[in-house]
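Working notes, structure below.
Here, residue 1 is the first one in the sequence, and each next residue gets the next number. Since we're looking at a predicted model, the values are computed, not measured.
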Amino acid sequence: MNCTDFAQKEVAEQYLSGQLSEEMREAYESHYFQCEDCFAELEAMRVIRAGLEELGPGRQSRRTPLRWILAVAAAACLSVFLWRSSSREAPAVLPVERPVLTAQVAPPPYQNATLRGTQSAEKVAFRDAMRGYSKGDFAGTASALRIVLEKYPDALEARYFLAICRLYSDPHSDVAHELESIANSNSTYSEEARFYLGYSLLRSSQLQAARRELEAVIAQHGDYEGKARELLATRR
């Protein structure tokens with residue numbers, strides 16, 4: 001289906017209302033993630049619905065003036081009108097970025113366990129490389145972890161956190177293969193690696209593959225089951 005088909009069938013309205021079949025929802029999501037025009041139309045409709053819900057019976061908010069909601073709704077309607085009347089070669093009316101989910105999914109925590117006795121050189125190198133991780137310096141930590149892996153290429157912990165750092169420092173990084181390898185390793189990082197694999201696939205708009213991985217996490221009934229359910233819920 002193309003843009004015209006989705007518009008004629010009022011798919012966007014049904015999508016926001018949760019009335020689409022799973023097959024149609026997946027087809028529409030795959031389309032609007034790649035189409036600036038349809039994505040702009042969907043966001044405009046989302047604004048209108050939010051404004052109407054704000055003014056629903058018993059839900060009027062003192063914090064949101066009526067004139068503001070109406071103004072936003074009018075602007076959204078105008079954007080949709082311009083989108084429908086413009087040619088397919090014209091730029092998108094509303095230059096909206098793709099959904100950014102980083103704020104919804106925190107990176108996995110890291111705690112430097114203090115061990116008694118002598119630690120291996122590999123453990124010491126990894127610990128030192130992770131100093132900036134808890135401060136959010138993912139790019140710097142990634143560089144340090146690469147140095148660790150040059151010396152200790154089989155260090156699974158360093159591989160895992162390098163993939164995580166790449167995921168959070170570069171929104172366009174492709175870490176799915178590395179996370180999949182760790183998820184299938186039957187290590188202590190298997191479950192969370194599969195969760196972040198699903199997250200990475202979701203960010204790159206591979207919706208069906210993301211759903212498959214997140215459902216696999218749920219089936220494990222482990223520590224990340226609730227997070228996987230929550231992340232799946234944001235895409236329904």
Value rounded to 0.5 Å, distance of OG in Ser169 from CZ in Phe138: 8.5 Å
Let me have the donor-acceptor pairs involving side chains of residues 139-153, under 3.5 Å, with sequence neighbours excluded, atom names and distances please.
residue	atom	partner	partner atom	Å
Thr141	OG1	Tyr133	N	3.3
Thr141	OG1	Asp137	O	2.7
Ser143	OG	Ala139	O	3.3

Smallest separation among heavy atoms of Ala163 and Val175, with atom names: O-CG1, 3.7 Å
Listed partners of Asp128 passing side chain to side chain contact (heavy atoms under 4.5 Å, CB included), at least two apart: Val124, Arg131
Spatial distance of atom CD1 (Ile218) from atom CD (Glu213) [nearest 0.5 Å]: 12.0 Å
Steps toward side chain to side chain contact (heavy atoms under 4.5 Å, CB included) verdict (Asn184, Ser190): CA-CA 6 Å; Asn184 295 330; Ser190 295; over 6 Å; no
Tyr168 side chain near Val105 side chain, heavy-atom distance below 4.5 Å: yes
Closest contact, heavy atoms only, Asp223 versus Glu191: N-OE2, 3.0 Å
Side chain proximity check, Leu179 to Tyr160, heavy atoms < 4.5 angstrom: yes
Heavy-atom closest pair, residues Ala210 and Leu202: CB-N, 3.6 Å
pair Arg127-Tyr110: side-chain heavy atoms closer than 4.5 Å: yes
Closest non-hydrogen atom pair between Ala155 and Glu122, with its separation: CB-OE2, 3.4 Å
Within residues 200-221 or reaching into it, pairs that qualify as ring-ring contact (aromatic ring centres under 6.0 Å, His included) - sequence neighbours excluded: none
Aromatic plane relationship, Phe161 with Phe126 - under 30° parallel, 30 to 60° tilted, over 60° perpendicular: tilted
Distance in Å, Leu162 CG paired with Leu167 CG, rounded so as to fall on 0.5 Å steps: 11.0 Å
Minimum-distance pair of heavy atoms, taken over all atoms of Ile182 and Ser187: O-OG, 4.2 Å
Partner set under side chain to side chain contact (heavy atoms under 4.5 Å, CB included) for Ala209, not counting sequence neighbours: Leu201, Gln206, Arg212
Partners passing salt bridge (Lys or Arg N to Asp or Glu O under 4.0 Å) against Glu157 (at least two apart in sequence or in another chain): Lys123
All pairs passing salt bridge (Lys or Arg N to Asp or Glu O under 4.0 Å) where residues 165-178 contributes a residue, at least two apart: Arg159-Glu178
Closest non-hydrogen atom pair between Phe195 and Val217, with its separation: N-CG2, 3.6 Å
Straight-line distance of His177 NE2 to Leu197 CG, nearest 0.5 Å: 11.0 Å
Met24 vs Ser21 side-chain heavy atoms within contact, under 4.5 Å: yes
Student check: side-chain heavy atoms of Pro108 and Tyr224 closer than 4.5 Å: yes
Donor-acceptor under 3.5 Å (Ser204 side chain, Ser200 main chain): yes
